[in-house]
Amino acid sequence: MALELPCSLITLLLLVQSVPYSTTAQTFANHYLGSFLTAQNDDSFWASSSDDFAFGFKQIGEGGYLLAIWFNKIPEKPVVWSANGNNLAPRGSVVKLTQYGQLVLSHPTGKEIWKADCSGSEVAYAAMLDTGNFVLASQDSASLWQSFDHPTDTILPTNTMDKSSKLVARYAEMNYSNGRFQFTLQSDGDLVLQTRAFPLDSANSGYWWSETVDTGFQVVFNESGSIYVAANDGSILKMISSPAGYLKGFYHRAILEYDGVFRHYVYPKSITTANAGNWSPLQSFIPPNICNAIRQRTGGGACGFNSYCMIGEDQRPSCRCPEGYTFIDPDDVMKGCKQNFLSQSCDKGLPETDVFDFHLMPNTDWPESDYEYFRGQTEDWCREACLGDCFCAVAIYRNDECWKKKIPLSNGRLDVKVAGTALIKIRKGNSTLNPSGADRSTLIFIGSVLLSSSVFLNFLLLVSAFLVVFRFNFWKPKVFQALHQVMPGMNLRSFSYEELQKATNGFKEELGSGAFATVYKGSLEYSDDTIYVAVKRLNNMERHGDQEFKAEVSAIGRTNHRNLVQLLGFCNEGEHRLLVYEFMSYGSVASLLFGSSKPSWYQRMQIALGIARGLFYLHEECRRQIIHCDIKPQNILLDETWTARISDFGIAKLLKIDQTRTMTRIRGTKGYVAPEWFRNMPITVKVDVYSFGIVLLELICCRKNFEVEVEYENQMILADWAYDCYNDGKLDLLVGNDEKALDDMKRVEKYVMIAIWCIQVDPLVRPTMKKVVQMMEGAVEVSVPPDPSLFTSSI
Ligand SMILES: *[C@@H]1O[C@H](CO)[C@@H](O)[C@H](O)[C@H]1NC(C)=O
Ligand SMILES: *[C@@H]1O[C@H](CO)[C@@H](O)[C@H](O)[C@H]1NC(C)=O
Ligand SMILES: *[C@@H]1O[C@H](CO)[C@@H](O)[C@H](O)[C@H]1NC(C)=O
């Protein structure tokens with residue numbers, strides 16, 4: 001039987017009967033002294049007998065040739081070993097088994113580029129084995145050198161790694177130079193993943209450890225595809241990957257990839273159209289989340305300086321630049337990001353505080369870049385502190401803690417597990433995104449609603465009905481914060497309908513429904529995390545224009561405030577229009593306030609302040625003004641820190657297309673609806689101020705704005721009763737026997753006064769939300785409010 005090998009003519013073709021280094025009785029071709037390969041085209045290689053692997057030259061772009069071993073039957077010919085990644089060989093270079101028994105790669109001029117180190121012994125022949133191991137053997141078939149002993153970034157089944165051997169990641173997917181990470185079985189027996197002190201050959205600190213100090217002996221990749229750290233006696237100390245079900249029939253490789261993650265991949269040997277072309281990673285890669293795993297005092301982290309890392313939907317780390325920053329080299333994103341604005345001047349007499357602003361990024365941190373730390377302060381204090389400090393590039397605010405961070409930022413990550421919000425300081429008017437005022441159009445639903453003068457009667461009748469519906473029931477106490485895969489120019493992820501169908505288990509668990517939408521609970525799988533989401537399915541959206549929908553959704557997506565429920569993504573597919581929000585595990589203020597266990601006075605006041613701040617942001621601070629139009633306790637949700645989070649904002653504008661139908665309804669919920677909705681008057685931000693006033697009264701008194709079962713008839717309508725109590729100096733009646741509130745009557749009075757200001761019939765008399773926040777925080781005195789019903793026509 002003759003074996004045809006596609007190699008140079010001088011190569012001796014021989015079939016050897018007794019074969020060394022093969023575990024199964026395979027046959028292979030040996031290449032004897034004088035054999036050589038020339039770097040000139042992709043045909044110059046020596047294949048293994050099964051043709052599964054080949055050794056030879058592979059052209060890398062225009063840069064030159066890599067002496068490598070690759071999977072020869074897989075179309076892309078993935079490289080599993082290489083000799084000269086740091087020093088590509090030009091065309092015409094030759095690798096040769098010399099007459100002196102050495103394997104040498106030399107330049108066309110004859111200069112040596114690389115040599116297999118056989119410690120002086122003479123090689124008799126070389127062989128490419130079917131395992132992917134390339135061996136150099138002596139006359140008596142003793143192995144003098146084998147590629148398995150000198151792995152680059154990949155190990156294959158039957159390849160073991162002994163103490164002090166390592167894998168070094170390549171620099172980039174298609175750049176075989178030494179990169180930034182290494183995987184080492186240290187001499188103490190511990191297997192560690194480390195960052196490297198690029199461009200040197202030394203290691204920095206580790207970011208994953210097998211914890212097998214003293215006991216670890218070898219890293220084994222056995223024939224059936226299990227990878228583990230073994231002890232001296234062969235017992236398994238630490239399983240790294242054990243692929244149940246992927247035994248025969250698959251190629252395996254485990255590689256420390258350029259992103260620093262060690263992954264085990266399989267590829268079907270019998271390629272069909274269904275499975276063609278893809279290496280599938282097994283789930284057990286390490287570390288599970290590299291963005292969070294690397295945290296080192298020096299070095300940029302997983303993604304380089306000034307950038308941040310997040311695990312994408314494909315479970316791979318992705319490197320991004322915060323707003324105001326761009327990649328230093330878009331072709332090498334791990335080099336990090338640079339500020340694309342002039343940083344703040346530290347010169348005296350040049351207070352630049354008014355030309356800087358913050359971009360908010362929840363769940364983001366650069367943990368090793370702080371230089372100052374404060375506690376017991378508000379977010380506003382933290383902002384001001386950073387704004388006034390020319391060293392401060394980013395502030396992190398979490399609960400009442402504030403950190404100032406300096407450039408270059410390092411170890412950046414965005415992850416659900418990261419608490420707090422990063423405030424990225426950027427120069428106004430000189431960032432990449434358009435911050436010009438032109439965008440600040442008003443986002444509202446302008447539906448002037450015409451109702452007859454018997455409105456008030458209808459109003460009373462409808463109040464009770466509306467209060468019963470629209471109840472959100474949130475259960476499972478799984479905490480969830482915003483996580484999103486950011487789309488360029490839009491901090492939102494676009495979902496397919498199918499994805500959301502799957503995430504909600506076929507829209508199974510309904511959380512609530514209203515005239516315009518139904519909300520379902522869903523979950524998304526991210527790396528090692530399950531994230532709960534609320535999926536809102538909008539009804540009657542058929543006639544909504546595509547562009548319009550996108551524009552509105554992106555306006556909602558651009559909002560970012562701790563008192564708002566974050567929109568994570570959307571689906572816009574055919575007639576399907578869905579919005580995906582973070583899931584608020586503690587339900588709504590309505591279920592809390594009107595449920596069985598009443599929240600404390602302090603909690604209620606925190607909630608009130610939170611709602612006020614959220615509304616202030618929507619009205620005045622976000623890039624595009626948003627009028628909520630439907631503020632009520634059912635739309636205020638609570639996160640796991642009991643922070644009030646406004647939901648459903650921006651929806652009013654989205655429903656605009658439905659005008660003909662909404663004309664007959666009132667946008668907003670009876671009882672919370674400002675009087676101008678019933679009069680032919682323009683709708684402004686003041687409608688939200690009115691609704692807030694009603695909600696504030698509900699929070700103060702811990703009851704609904706309309707109740708039939710009351711002691712006295714004049715108590716049915718909370719707003720009227722509250723004003724009467726205020727007027728008569730009997731505010732204690734409003735809080736009943738709530739002792740904490742009775743001890744705090746000054747604040748009760750102040751808040752009732754603020755609420756009365758908010759529910760003035762004349763919108764012009766109502767304060768702005770900014771003023772409301774200032775009054776609540778004590779920055780501004782509250783003056784005596786007039787009787788709310790004294791309507792002075794403002795038109
Ligand atoms: C690979 O990356 C290194 C480090 O940045 C660079 O010096 C080298 O030129 C790159 N090689 C190729 C072929 O692009
Ligand atoms: C490889 O290791 C796994 C896990 O210990 C074991 O189940 C399997 O039998 C081993 N395969 C071989 C060929 O030794
Ligand atoms: C923006 O910043 C750059 C420096 O990064 C500066 O050269 C440029 O003049 C600035 N542009 C404006 C409009 O301030």
Side-chain angles (χ1 to χ4, degrees), residues 80-81 132 148-170 178-198 201-244 246 252-266 281-299 301-302 309 311 315-317 411 413 415 417 527-529:
V80 298
W81 176 88
F148 271 14
D149 287 342
H150 304 272
T152 47
D153 59 357
T154 304
I155 51 172
L156 298 168
T158 73
N159 196 353
T160 54
M161 283 173 67
D162 294 329
K163 282 185 186 174
S164 301
S165 58
K166 67 185 178 193
L167 304 180
V168 175
R170 53 182 87 148
N178 284 345
R180 300 155 168 115
F181 306 96
Q182 69 180 42
F183 176 94
T184 314
L185 182 61
Q186 296 181 150
S187 52
D188 66 0
D190 211 9
L191 176 65
V192 293
L193 278 168
Q194 294 160 313
T195 55
R196 284 161 59 85
F198 185 82
D201 198 33
S202 52
N204 284 328
S205 30
Y207 55 94
W208 183 88
W209 297 262
S210 65
E211 286 159 4
T212 52
V213 178
D214 295 338
T215 51
F217 177 68
Q218 271 188 329
V219 176
V220 175
F221 194 165
N222 81 10
E223 249 185 297
S224 33
S226 291
I227 306 172
Y228 51 86
V229 181
N232 211 344
D233 62 2
S235 59
I236 299 175
L237 296 172
K238 172 95 182 181
M239 185 58 83
I240 294 170
S241 180
S242 66
Y246 288 113
H252 290 254
R253 65 171 169 150
I255 169 170
L256 176 64
E257 291 191 276
Y258 67 95
D259 59 11
V261 181
F262 181 80
R263 298 186 182 89
H264 177 181
Y265 288 93
V266 294
L282 300 185
Q283 286 306 305
S284 47
F285 46 77
I286 55 172
N289 181 335
I290 190 161
C291 300
N292 293 359
I294 300 185
R295 178 173 174 163
Q296 299 175 346
R297 220 170 42 75
T298 58
C309 174
I311 299 295
Q315 320 246 317
R316 287 171 177 275
N411 297 278
R413 74 264 329 257
D415 189 83
K417 291 195 180 123
S527 52
D528 52 346
D529 249 325

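These numbers come from the heavy atoms of this one structure, side chains and all, not from hydrogens, waters or symmetry mates.
For the atom pair Cys309 SG and Ile294 CD1, the distance stands at 7.5 Å (nearest 0.5 Å). The distance from the CD1 atom of Ile290 to the OG1 atom of Thr195 is 9.5 Å, given to the nearest 0.5 Å. In this structure, CG on Leu282 lies 5.0 Å from NE2 on His264, to the nearest 0.5 angstrom. Rounding to the nearest 0.5 Å gives a distance of 3.5 Å between OG of Ser205 and CD of Gln296. In this structure, CE on Met161 lies 10.0 Å from NZ on Lys166, to the nearest 0.5 angstrom. We find the CG-CD1 distance between Asn292 and Ile311 to be 7.5 Å, quoted to the nearest 0.5 Å.
What you find for Ala230 and Val220 is that their closest heavy atoms are CB-CG2, 3.9 Å. The two residues Arg253 and Thr154 make their nearest non-hydrogen contact at CB-CG2, 4.0 Å. In terms of heavy atoms, Ala231 sits closest to Phe217 at C-CB, 3.5 Å. Heavy atoms only, all atoms of each residue included: Lys163 and Gly216 are closest at CE-O, 3.1 Å. Residues Pro287 and Gly260 come closest through the heavy atom pair CD-O, 4.0 Å. Minimum heavy-atom separation, Phe262 to Ala254: CZ-CB, 3.5 Å.
Judged purely by distance below 3.5 Å, without hydrogens or angles, the side chains of Gln218 and Tyr228 never pair a donor atom with an acceptor atom. Checking Ser210 against Asp190 by side-chain atom types alone, a donor-acceptor pair falls below 3.5 Å.
Here the side chains of Phe221 and His252 are in contact, with some heavy-atom distance below 4.5 Å. Val229 has its side chain within reach of Ile240: a pair of non-hydrogen atoms, C-beta onward, lies under 4.5 Å apart. The shortest distance between side-chain heavy atoms of Leu256 and Leu193 falls below 4.5 Å. The shortest distance between side-chain heavy atoms of Leu167 and Thr152 does not fall below 4.5 Å. Contact annotation: the side chain of Glu257 approaches that of Tyr265 to within less than 4.5 Å [non-hydrogen atoms, C-beta and beyond]. Within the 4.5 Å cutoff, the side chain of Thr158 has no heavy atoms near those of the Asn222 side chain. When side chains are defined from C-beta on, Val261 does not count as touching Ile286, because their heavy atoms never get closer than 4.5 Å.
Judged by distance alone, the side chain of Arg413 and the main-chain N or O of Asn411 form a donor-acceptor pair under 3.5 Å.
Every residue two or more places apart in sequence or in another chain was checked for a side-chain hydrogen bond (donor to acceptor under 3.5 Å, both in side chains) with Ser165, and none qualifies. Partners of Asp153 by side-chain hydrogen bond (donor to acceptor under 3.5 Å, both in side chains), not counting sequence neighbours, listed by chain and number: Arg170.
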- Task: Report the C-alpha separation of Trp208 and Leu191 in whole Å, then their side-chain angles, then the decisive distance to 0.1 Å, and conclude whether the side chain to side chain contact (heavy atoms under 4.5 Å, CB included) test is met.
- Result: CA-CA 8 Å; Trp208 183 88; Leu191 176 65; 4.0 Å; yes
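In this structure, Glu211 does not pair ionically with Lys238, as no charged nitrogen and carboxylate oxygen lie closer than 4.0 Å.
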Residues 179-187, side-chain donor-acceptor partners within the protein, below 3.5 Å, at least two apart:
unit_1, atom_1, unit_2, atom_2, d
Arg180, NH1, Tyr171, O, 3.4
Arg180, NH2, Tyr171, OH, 2.9
Arg180, NH2, Asp332, OD1, 3.3
Gln182, OE1, Arg196, NH1, 2.8
Gln182, NE2, Thr184, OG1, 3.2
Gln182, NE2, Gln194, OE1, 3.1
Thr184, OG1, Gln194, OE1, 3.3
Gln186, NE2, Asp188, OD1, 3.3
Gln186, NE2, Asp188, OD2, 3.4

